[in-house]
**Student:** 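The structure is given below, and queries will be raised subsequently.
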Amino acid sequence: MDKNDKNTIALQRQMTERGHPTLQRRETDMAADSVGVSHSAAESILVAYRSIGIGLFGVVMRYAGMPLEKIALFMNSSQVSGKGQFSQAARLTFKDGVLGPYKVVGPSSMVAWFLQYGIMGLAFQFVDQALSQAMGVKPVYYGSQLMEPPEETKEETFSYKMKFATKTFIAPFFSAALESQVSNRAEVQRYFGLEKFTQVESRMALTPLARAAGPAFLPNAMRNVIMTHTSFVVTPVTYKLYFPQEQKNQSTLFWYGLGMNMFVGNVFGITQQALWGRSLDYAAKHGSINYGNIVREGLKSEGMSAFFTVPRWFSRVLMNAPVQGVLPWFYNEVLPFGEETVLSAAKSTLRMDFFEETQKMQTTDQGLLTSQNTQCADSVSS
């Protein structure tokens, strides 16, 4: 970058620190300018980087927590009832020994975990950015933006706020549907075990698409919608806008994300997790799934306890909170540390002419903006 580019970047950063509402800059743009890569190229590279990072994070955390996952799966099924549900679930989990929970994890589960979290992150970023550009609104807050004071919103009209809310509500549905498409079948395998899963699936008259998605896809997808909203929308937006500014730091974001996962996401997600487990038990018994019958039978036999109890919620928290609850902190505080390194590596290994050409185009645009920024700076300083 030449001297004019550096001056432009420094001026924009200074204006951002002063809180100028029209010059708030995204984490991606700051990293791109620091390395000397165009914003469009950096966008694509960093979306891939974040998705891979989330995928690897998911694999490690989910495999380490397999015993907790099995306990939660049994707790939210019809195989445990009455008193001592947690101890019943624990006995079922470890009936084949201490390493029993890990025996149901095959290569397909490892791949599914990676794709589940990687695609969840990729789809959310892609859809959020695409809808943001199409509707003319900002993407969801990310990285250091969470630590900044809320921007002034005097210039935001009611129409803008409605478009932002609509976009933010829709994006998690796409990412959750894709996540369930690649993960549900493997989750069902871990629930039944490989041998019983084959037996149950053979009894069900599934279309090729339904077979690829796995049994009980709908409650699985709805659970993921709830958890994706919690991790990528509710947690960062509420932390950015409403958390006391003087208390914002990495530690409070970590615990805030964990608390939102436990007391918001999982309170609602547990109902869909219970419906998922009961649907699989129903499929094993009847060779089909009828959600109306499953809900009616559950309410008739156990009332609301069929879908929500404190022990069921607690087991779900044990399984989900270490991964999904920590995800907002990992996504917004850990991944940004590697972004400039990734961009530098990409710039040195990929086509240099591509980066040079796009950087020239961006420099031209920044040149047009420099005079406007200078006028803004003069007005602020005066």
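Residues: numbered from 1 along the sequence shown.
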**Student:** If you group Ile, Leu, Val, Met, Phe, Trp and Tyr by side-chain heavy-atom gaps below 4.5 Å, do Trp113 and Phe217 land in one group?
**Tutor:**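 No, because Trp113 and Phe217 fall into different hydrophobic clusters, even though each may have its own neighbours under 4.5 Å.
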**Student:** Compare all side-chain heavy atoms of Arg211 with those of Met204 and state whether any distance is below 4.5 angstrom.
**Tutor:**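 The answer is no, as the side chains (C-beta and beyond) never meet within the 4.5 Å cut-off.
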**Student:** Is there a side-chain contact between Pro172 and Phe232, using heavy atoms and a 4.5 Å cut-off?
**Tutor:**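 No; the side chains remain at least 4.5 Å from each other.
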**Student:** Do Lys83 and Gln88 come close enough that some side-chain heavy atom pair is under 4.5 Å?
**Tutor:**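 A side-chain contact under 4.5 Å is absent here.
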**Student:** For Ala48, which residues count as a side chain to side chain contact (heavy atoms under 4.5 Å, CB included) partner, sequence neighbours excluded?
**Tutor:**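 Side chain to side chain contact (heavy atoms under 4.5 Å, CB included) list for Ala48, sorted by chain: empty.
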**Student:** Please determine whether the number of non-hydrogen atoms from other residues, nucleotides or ligands lying under 6.0 Å from atom CZ of Phe330 exceeds 12.
**Tutor:**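 For Phe330, atom CZ is crowded (more than 12 foreign heavy atoms under 6.0 Å).
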**Student:** Do Leu56 and Tyr117 come close enough that some side-chain heavy atom pair is under 4.5 Å?
**Tutor:**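 No, their side chains stay 4.5 Å or more apart.
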**Student:** Do Phe164 and Met135 have side chains that approach each other closer than 4.5 Å (heavy atoms only, starting at C-beta)?
**Tutor:**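 They are not in contact (no side-chain heavy atoms under 4.5 Å apart), so the answer is no.
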**Student:** Do side-chain atoms of Tyr141 reach the backbone of Thr238 as a donor and acceptor pair under 3.5 angstrom?
**Tutor:**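 Not confirmed, Tyr141 side chain does not pair with Thr238 backbone.
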**Student:** How many angstroms lie between OG1 in Thr228 and CG in Leu327, if you round to the nearest 0.5 Å?
**Tutor:**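 Here the interatomic distance stands at 9.0 Å.
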**Student:** Show the nearest heavy-atom pair for residues Ser231 and Pro236, with the distance to one decimal.
**Tutor:**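 For Ser231 versus Pro236, the nearest heavy atoms are O-CD, 3.4 Å.
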**Student:** Mark yes or no for whether Lys70, through its side chain, and Arg190, through its backbone, hold a donor-acceptor pair below 3.5 Å.
**Tutor:**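 Yes, because the side chain of Lys70 sits within donor-acceptor range (under 3.5 Å) of the backbone of Arg190.
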**Student:** Is there side-chain contact between Met227 and Asn266, with at least one heavy-atom pair below 4.5 Å?
**Tutor:**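 Yes, at least one pair of side-chain atoms sits under 4.5 Å.
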**Student:** Between Arg278 and Glu302, does any side-chain N to carboxylate O distance fall below 4.0 Å?
**Tutor:**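 Between Glu302 and Arg278 there is a salt bridge, with a charged N closer than 4.0 Å to a carboxylate O.
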**Student:** Could you pull out all residues at least two apart from Tyr191 that satisfy ring-ring contact (aromatic ring centres under 6.0 Å, His included)?
**Tutor:**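 Result, ring-ring contact (aromatic ring centres under 6.0 Å, His included) vs Tyr191: Trp276.
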**Student:** Would you compute the distance between atom NZ of Lys163 and atom OG of Ser132 and round it to the nearest 0.5 angstrom?
**Tutor:**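 Separation between the atoms: 11.0 Å.
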**Student:** Could you pull out the closest heavy-atom pair between Pro219 and Ser279, with the gap in Å?
**Tutor:**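 Heavy atoms of Pro219 and Ser279 come nearest at CG-OG, 4.5 Å.
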**Student:** Using every non-hydrogen atom in the two residues, find where Gln245 and Pro149 come nearest and quote the distance to one decimal.
**Tutor:**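 Shortest heavy-atom contact: OE1-CA, 3.3 Å.
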**Student:** So, does Lys167 use its side chain to make a donor-acceptor pair with the main chain of Lys138 at under 3.5 Å?
**Tutor:**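 Checking the backbone N and O of Lys138 against the side chain of Lys167, a donor-acceptor pair under 3.5 Å is found.
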**Student:** Would Thr230 and Phe268 count as a side chain to side chain contact (heavy atoms under 4.5 Å, CB included) here? Give the steps.
**Tutor:** CA-CA 10 Å; Thr230 304; Phe268 295 98; over 6 Å; no
**Student:** Mind checking ring-ring contact (aromatic ring centres under 6.0 Å, His included) for Tyr256 and listing every partner two or more places apart, or none if nothing turns up?
**Tutor:**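 Partners of Tyr256 by the ring-ring contact (aromatic ring centres under 6.0 Å, His included) criterion, ordered by chain and then number, come out as Tyr239, Phe243.
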**Student:** Would Arg296 and Tyr291 count as a side-chain hydrogen bond (donor to acceptor under 3.5 Å, both in side chains) here? Give the steps.
**Tutor:** CA-CA 9 Å; Arg296 283 191 292 270; Tyr291 293 115; over 6 Å; no
**Student:** Distance-only, no hydrogens or angles: does the Ser180 side chain make a donor-acceptor pair with backbone N or O of Ala177 under 3.5 Å?
**Tutor:**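 No, the answer is negative, given that no donor and acceptor are paired below the 3.5 Å cut-off.
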**Student:** Please set out all donor-acceptor pairs under 3.5 angstrom arising from side-chain atoms of residues 92-100, sequence neighbours excluded.
**Tutor:**
{"residue": "Thr93", "atom": "OG1", "partner": "Ile71", "partner atom": "N", "Å": "3.4"}
{"residue": "Thr93", "atom": "OG1", "partner": "Ala89", "partner atom": "O", "Å": "2.8"}

**Student:** To check you understand the geometry: which heavy-atom pair defines the closest contact between Lys248 and Leu146, and what is its length?
**Tutor:**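 For Lys248 and Leu146, the tightest heavy-atom pair comes out as NZ-O, 3.2 Å.
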**Student:** What's the spacing between Met262 CE and Phe314 CZ if we round to 0.5 Å?
**Tutor:**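 Nearest 0.5 Å value for the CE-CZ distance: 8.0 Å.
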**Student:** Is a side-chain donor or acceptor of Asn220 paired with a backbone partner of Asn184 at a separation under 3.5 angstrom?
**Tutor:**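 No, the answer is negative, given that no donor and acceptor are paired below the 3.5 Å cut-off.
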**Student:** Taking atom CZ of Phe197 as the centre, does the number of heavy atoms from other residues, nucleotides or ligands within less than 6.0 Å exceed 12?
**Tutor:**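 Correct, the count exceeds 12.
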**Student:** If you group Ile, Leu, Val, Met, Phe, Trp and Tyr by side-chain heavy-atom gaps below 4.5 Å, do Phe337 and Tyr49 land in one group?
**Tutor:**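 Phe337 and Tyr49: separate clusters.
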**Student:** Side chain of Asp128, backbone of Val140: donor and acceptor closer than 3.5 Å?
**Tutor:**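 Yes, because the side chain of Asp128 sits within donor-acceptor range (under 3.5 Å) of the backbone of Val140.
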**Student:** Is it the case that one hydrophobic cluster holds both Met66 and Val59, taking links as side-chain heavy atoms less than 4.5 Å apart, direct or via other members?
**Tutor:**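 Cluster IDs for Met66 and Val59 match.
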**Student:** Taking atom CE of Met162 as the centre, report whether more than 12 heavy atoms of other residues, nucleotides or ligands fall under 6.0 Å from it.
**Tutor:**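 Count not over threshold, so no.
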**Student:** Please report the shortest heavy-atom distance between Gly143 and Asn332, naming the atom on each side.
**Tutor:**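 What the structure gives for the nearest pair is N-OD1, 3.0 Å.
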**Student:** Could you work out, with side chain to side chain donor-acceptor pair (under 3.5 Å) as the rule, every residue matching Arg223, not counting sequence neighbours?
**Tutor:**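 Expected list: Glu187, Gln273.
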**Student:** Classify the ring geometry of Tyr63 against Tyr102: parallel below 30°, tilted from 30° to 60°, perpendicular beyond 60°.
**Tutor:**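 Rings of Tyr63 and Tyr102: tilted, 30 to 60°.
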**Student:** Please check if Val60 and Leu335 belong to a single hydrophobic cluster, counting links between Ile, Leu, Val, Met, Phe, Trp and Tyr side chain heavy atoms closer than 4.5 Å.
**Tutor:**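 No, Val60 and Leu335 fall in different hydrophobic clusters.
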**Student:** Side chains of Arg62 and Met110: does their closest heavy-atom pair fall under 4.5 Å?
**Tutor:**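 Contact flag for Arg62/Met110 side chains = no.
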**Student:** Could you tell me which residues satisfy ring-ring contact (aromatic ring centres under 6.0 Å, His included) with Phe173, sequence neighbours excluded, listed by chain and number?
**Tutor:**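 For Phe173 the ring-ring contact (aromatic ring centres under 6.0 Å, His included) partners, ignoring immediate neighbours, are Phe169, His229.
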**Student:** Let me confirm one number: the CD1-CG distance from Ile289 to Leu280, rounded to the nearest 0.5 Å.
**Tutor:**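 It is 6.0 Å, given to the nearest 0.5 Å.
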**Student:** Taking NZ, NE, NH1 and NH2 as the nitrogens, is one of them in Lys196 or Glu201 under 4.0 Å from a carboxylate oxygen of the other?
**Tutor:**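 No, this pair does not count.
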**Student:** Before you tell me yes or no, could you show the steps for Phe263 and Trp313 under ring pair (Phe, Tyr, Trp, His ring centres under 6.0 Å), namely the whole-Å CA-CA distance, both residues' side-chain angles and the distance that decides it to 0.1 Å?
**Tutor:** CA-CA 9 Å; Phe263 300 109; Trp313 166 80; 5.8 Å; yes
**Student:** Look at the side-chain heavy atoms of Ile, Leu, Val, Met, Phe, Trp and Tyr, link any pair under 4.5 Å apart, and say whether Leu68 and Val80 land in one connected group.
**Tutor:**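 Hydrophobic grouping puts Leu68 apart from Val80.
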**Student:** Where do Glu43 and Gln129 come nearest, in terms of heavy atoms and distance?
**Tutor:**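 Scanning both residues, the minimum pair turns out to be OE2-NE2, 2.9 Å.
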**Student:** Measuring only between side-chain heavy atoms, which start at C-beta, is Met147 closer than 4.5 Å to Leu253?
**Tutor:**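 Touching, per the 4.5 Å side-chain cut-off.
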**Student:** Roughly how far apart are Asn249 CG and Glu333 CD, rounded to 0.5 Å?
**Tutor:**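 Rounded to the nearest 0.5 Å, the CG-CD separation comes out at 8.5 Å.
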**Student:** Looking at Phe124, is Arg50 sitting on its ring face, NZ or CZ under 6.0 Å from the six-membered ring centre and within 45 degrees of the normal?
**Tutor:**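 Judged by the rule, Arg50 and Phe124 form no cation-pi pair.
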**Student:** To the nearest 0.5 Å, what is the distance between CZ on Arg203 and CD on Gln199?
**Tutor:**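 Reported to 0.5 Å precision, the distance equals 9.5 Å.
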**Student:** Determine yes or no for a side-chain-to-main-chain donor-acceptor pair under 3.5 angstrom, with Thr235 supplying the side chain and Gly257 the backbone.
**Tutor:**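 No, Thr235 side chain to Gly257 backbone: no donor-acceptor pair under 3.5 Å.
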